[in-house]
Structure formats: C-alpha cells, structure tokens
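Heads up, the thing below is written out as structure tokens.
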Amino acid sequence: MDRMKGKVVLVTGAGSGIGKASAILLAKEGAKVVLTDIQTDTLNTTVSEIEAFQGEAIGIKLNVSDEEEWIATIQKAVGTFGTINVLVNSAGISSQFDTTEEWKRLLNINLTGSYLGMKQVIPIMKQDGGSIVNIASLAGLVGGGFNGYTASKGGIRSISRAAAVDYAKDKIRVNSIYPGLIITPMTEGILYHNVLKQKFEEKTPLPRFGTPEDIAFGVLYLASEESSFVTGTELVIDGGTTAS
Ligand SMILES: NC(=O)c1ccc[n+]([C@@H]2O[C@H](COP(=O)([O-])OP(=O)(O)OC[C@H]3O[C@@H](n4cnc5c(N)ncnc54)[C@H](O)[C@@H]3O)[C@@H](O)[C@H]2O)c1
C-alpha cells in the first residue's frame with residue numbers, strides 16, 4: 001500500500017483507460033497524484049474515485065500539445081504538492097484516417113505532447129531525480145501501419161532512450177511501455193468487429209486481451225524506487241504478441 005509513499009506523480013490522459021488505471025493504482029500506493037486530461041468530466045470522475053479511498057489528488061485540465069498549458073499545469077502542481085517526482089505520459093489518440101492532416105494531429109498530440117511534458121518537468125526533476133514513464137505502443141516497435149500513429153510511437157521510443165542517456169547523470173530515469181491490445185474506450189470498438197477481433201485474438205498467445213490495470217502495474221514498477229537501476233528500457237506488455 002505504500003510503494004509510492006511521499007512521491008508526487010503527474011499523469012496525462014488520467015480521465016480514461018491506461019492513464020486512469022495508472023493514476024488510481026499509484027494513488028492507492030500512496031502517491032499524491034496530479035491528474036490531467038483535456039476532458040474535464042472524466043478527469044473529475046477519476047479525482048472523485050481517488051478521493052473516495054482517501055487518496056490525494058488534484059485535477060487540472062491540460063491539452064498536452066499546448067506548451068503554455070504545460071507550464072501553467074506544472075506551476076500549479078508544484079504549488080500544491082511542492083515538486084514532481086514522476087511523470088506518466090499516457091494521453092494519446094489513434095485514428096481511422098490516413099491523411100497528412102491526421103499525420104500532423106497524431107504527431108502533435110502523441111509525440112509533441114510527450115516531449116513537452118518531459119521538457120517542462122525535467123528542470124524540476126533535476127533537483128532531486130525522478131522517473132518518466134512514456135506510454136508508447138507495439139506500433140512503435142514492430143512493422144505494420146504506415147501512418148502517423150506508428151511514427152508518433154516510434155518517436156516516443158527514440159526520445160525516451162535519448163533522454164534516459166542524457167539525464168541519467170541527474171538521476172532522472174526515462175522508460176517506455178509498449179502495450180498490446182488493451183481494452184479501453186480507444187479500442188473497445190474492436191470487440192464488436194468480428195474480423196478485427198479475430199485478427200487480434202490470433203496475434204495474442206495469451207487467451208485474453210489486456211486491461212488498463214495490466215499496464216498500470218508496469219507503470220507502478222517503473223515509477224517506483226523498485227526500478228531505481230532501470231532506465232532506457234522498453235517494457236512490452238502484450239500477452240506474447242511480439243514473441244510470436
Ligand atoms: N488501448 C490500447 O490498446 C493501447 C495500445 C498501445 C498504446 N496505447 C496508448 O496508451 C495511451 C492511453 O490510451 P488508452 O487506450 O487509455 O486511450 P483512452 O482513449 O481511453 O484515453 C486517452 C486519454 O487521453 C486524453 N487525451 C486525448 N487527447 C488529449 C490531449 N490533446 N491532451 C490531453 N489529453 C488528451 C483523452 O481525453 C483520454 O482521456 C495512448 O497513448 C495510446 O496510444 C493504447
């Protein structure tokens with residue numbers, strides 16, 4: 001219950017799916033959690049769920065692709081809890097469309113959004129060290145999907161490794177997570193699409209799809225001191241997909 005005691009964590013995309021499950025688990029483990037999302041209704045729901053078990057949380061509306069909003073969010077977070085020890089970049093979008101406009105939108109939210117969070121939080125983490133956990137995707141590791149989503153997730157992989165090396169001397173660890181198919185509002189439509197569902201089932205050796213909590217446990221490990229010698233790593237949580 002206290003693997004994150006004394007730590008301040010900022011989570012993006014905390015209103016839904018993987019970001020929400022991670023924020024709740026980290027709060028249950030004693031972290032003070034700064035929840036952010038572009039959608040305030042779902043964000044406020046997560047805050048209430050954490051307060052219901054006496055967890056400590058504040059919610060701040062943040063569009064991750066807006067640097068000014070990042071600056072204001074971090075000021076408010078530090079003003080409330082004193083520092084930021086952990087950043088979890090989970091906010092993201094996927095897309096059905098394959099246009100140049102959509103390519104730019106995906107890179108802007110998924111990749112630039114993660115970059116801006118890292119850029120703004122690193123100066124604070126330099127005081128005391130810290131842990132950054134970036135949610136990438138199998139799309140950033142393996143082939144298939146010539147589009148902006150793949151590019152954004154491959155970019156997250158590259159900047160995570162680069163920052164891990166550049167900021168190791170400051171005791172800032174940077175790791176990335178590669179989820180397989182996790183059932184969240186982003187992906188649940190697949191369950192109602194027989195052909196797609198079967199395709200994913202065939203690609204997943206373990207006989208189920210992932211849950212947001214499967215990823216949250218990986219986030220908890222990388223956020224906590226238990227992984228204090230782990231940086232630049234790429235944690236695949238995919239039911240065996242990339243192994244097969
Ligand atoms: N679900 C999967 O199968 C899966 C697989 C691999 C990677 N991922 C990645 O995991 C992360 C979380 O996805 P999820 O499945 O939980 O999706 P989700 O749709 O349930 O949650 C994403 C959250 O990000 C927020 N968001 C979207 N645009 C934003 C913006 N501009 N600024 C701030 N917040 C914004 C949304 O409001 C939402 O709350 C994403 O980066 C996604 O690419 C998901």
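Counting starts at 1 for both ligands and their atoms, in listed order.
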(request) Flag N110 as yes when one of its N or O atoms lies below 3.5 Å from any N or O atom of ligand 1, and as no otherwise. (result) no
(message) Could you identify the single nearest non-hydrogen protein atom to atom 35 (C) of ligand 1 and state the distance to 0.1 Å?
(response) I38 CG2, 3.6 Å
(request) For ligand 1, note which part of T184 has a heavy atom under 4.0 Å away: side chain, backbone, both or neither. (result) side chain
(request) Let me see the working for E29 and K7 under salt bridge (charged side-chain N to carboxylate O under 4.0 Å, His left out), right down to the final yes or no. (result) CA-CA 10 Å; E29 290 293 339; K7 301 288 185 193; over 6 Å; no
(message) Using a 4.0 Å cut-off to any heavy atom of L62, which atoms of ligand 1 qualify?
(response) 32 (N), 33 (C)
(message) If hydrophobic clusters are built from ILVMFWY residues whose side chains come within less than 4.5 Å, do V33 and I84 share one?
(response) no
(message) Give me the residue, atom name and distance of the protein heavy atom closest to atom 38 (C) of ligand 1.
(response) D37 OD2, 3.6 Å
(message) Apply salt bridge (charged side-chain N to carboxylate O under 4.0 Å, His left out) to residues K20 and E49 and explain how you reach the verdict.
(response) CA-CA 10 Å; K20 175 174 181 170; E49 287 180 31; 2.9 Å; yes
(request) Report yes or no: does P185 have a heavy atom closer than 4.0 Å to ligand 1? (result) yes
(message) Students should be able to answer this: which protein heavy-atom is nearest to atom 41 (O) of ligand 1, and at what distance?
(response) K153 NZ, 2.8 Å
(message) For ligand 1, which is the ligand I care about here, please tell me if V64 has any N or O atom under 3.5 Å from one of the ligand's N or O atoms.
(response) yes
(request) For D214 and G210, work out which heavy atoms get closest and say how close. (result) OD2-CA, 3.4 Å
(message) How far is atom 44 (C) of ligand 1 from the closest protein heavy atom, and which atom is that?
(response) I18 CD1, 3.8 Å
(message) Considering non-hydrogen atoms of the protein only, which is the closest contact for atom 10 (O) of ligand 1, and what is the distance?
(response) I135 CG2, 3.3 Å
(request) Decide whether an N or O pair under 3.5 Å exists between Y149 and ligand 1. (result) yes
(message) Tell me the nearest of G180, G19, A136, S22 to atom 5 (C) of ligand 1, using heavy-atom distances.
(response) G180
(request) Between N63 and ligand 1, find which residue part has any heavy-atom pair under 4.0 Å and reply side chain, backbone, both or neither. (result) both
(request) Taking the side chain as every heavy atom from C-beta outward, state whether F209 and E201 have any atom pair closer than 4.5 Å. (result) yes
(request) Would you mind listing which atoms of ligand 1 come within a distance below 4.0 Å of any non-hydrogen atom of Q39? (result) 37 (O)
(message) Going by side-chain hydrogen bond (donor to acceptor under 3.5 Å, both in side chains), S152 matches just one of T112, N110, N147. Which one?
(response) N110
(request) May I ask you to check if K197 and Y192 form a cation-pi contact, with NZ or CZ under 6.0 angstrom from the six-membered ring centre and within 45° of the axis? (result) no
(request) May I ask you to check if ligand 1 and I182 share an N or O to N or O distance below 3.5 Å? (result) yes
(message) Would you say that L141 contacts E234 through its side chain, given a criterion of any heavy-atom pair below 4.5 Å between the two side chains?
(response) yes
(request) State whether the shortest distance between N or O atoms of S137 and N or O atoms of ligand 1 falls below 3.5 angstrom. (result) no
(request) Name the closest protein heavy atom to atom 22 (C) of ligand 1, giving the residue it belongs to and the distance to 0.1 Å. (result) G92 O, 3.8 Å
(request) Identify the protein heavy atom lying closest to atom 19 (O) of ligand 1, giving its residue, its atom name and the separation to 0.1 Å. (result) M186 CB, 3.6 Å
(message) At less than 4.0 angstrom from any non-hydrogen atom of G17, what atoms of ligand 1 do you find?
(response) 16 (O), 20 (O)
(message) salt bridge (charged side-chain N to carboxylate O under 4.0 Å, His left out), that's the test. Do E102 and R105 meet it? Break it down for me.
(response) CA-CA 5 Å; E102 211 52 3; R105 199 170 75 92; 3.0 Å; yes
(message) Under a 4.0 angstrom heavy-atom cut-off, which atoms of ligand 1 come close to P179?
(response) 5 (C), 6 (C), 7 (C)
(request) Could you tell me the residue and atom name of the protein heavy atom closest to atom 40 (C) of ligand 1, and the distance to it rounded to 0.1 Å? (result) S90 O, 3.2 Å
(request) Flag I93 as yes when one of its N or O atoms lies below 3.5 Å from any N or O atom of ligand 1, and as no otherwise. (result) no
(message) Looking only at side-chain N and O atoms, does S160 offer a donor or acceptor that is under 3.5 Å from a partner on N134?
(response) yes
(message) Under a 4.0 angstrom heavy-atom cut-off, which atoms of ligand 1 come close to L181?
(response) 3 (O)
(request) Return yes when atom CZ of R3 has more than 12 non-hydrogen atoms of other residues, nucleotides or ligands closer than 6.0 Å, and no otherwise. (result) yes
(request) State whether the number of non-hydrogen atoms from other residues, nucleotides or ligands found under 6.0 Å of D166 atom CG is greater than 12. (result) yes
(message) Does the residue T187 have a heavy-atom contact with ligand 1, meaning some pair of atoms that are separated by less than 4.0 Å?
(response) yes
(request) Say whether N44 and T40, considering side chains only, have a donor N or O and an acceptor N or O under 3.5 Å apart. (result) no
(request) Could you tell me whether the side chain of D170 reaches within less than 4.5 Å of the side chain of I122, counting heavy atoms only? (result) no
(message) For the backbone of E69 and the side chain of N63, can you confirm whether one donor and one acceptor N or O come within less than 3.5 Å of each other?
(response) no
(message) Please compare G117, G15, S16 and report which has the shortest non-hydrogen distance to atom 18 (P) of ligand 1.
(response) S16
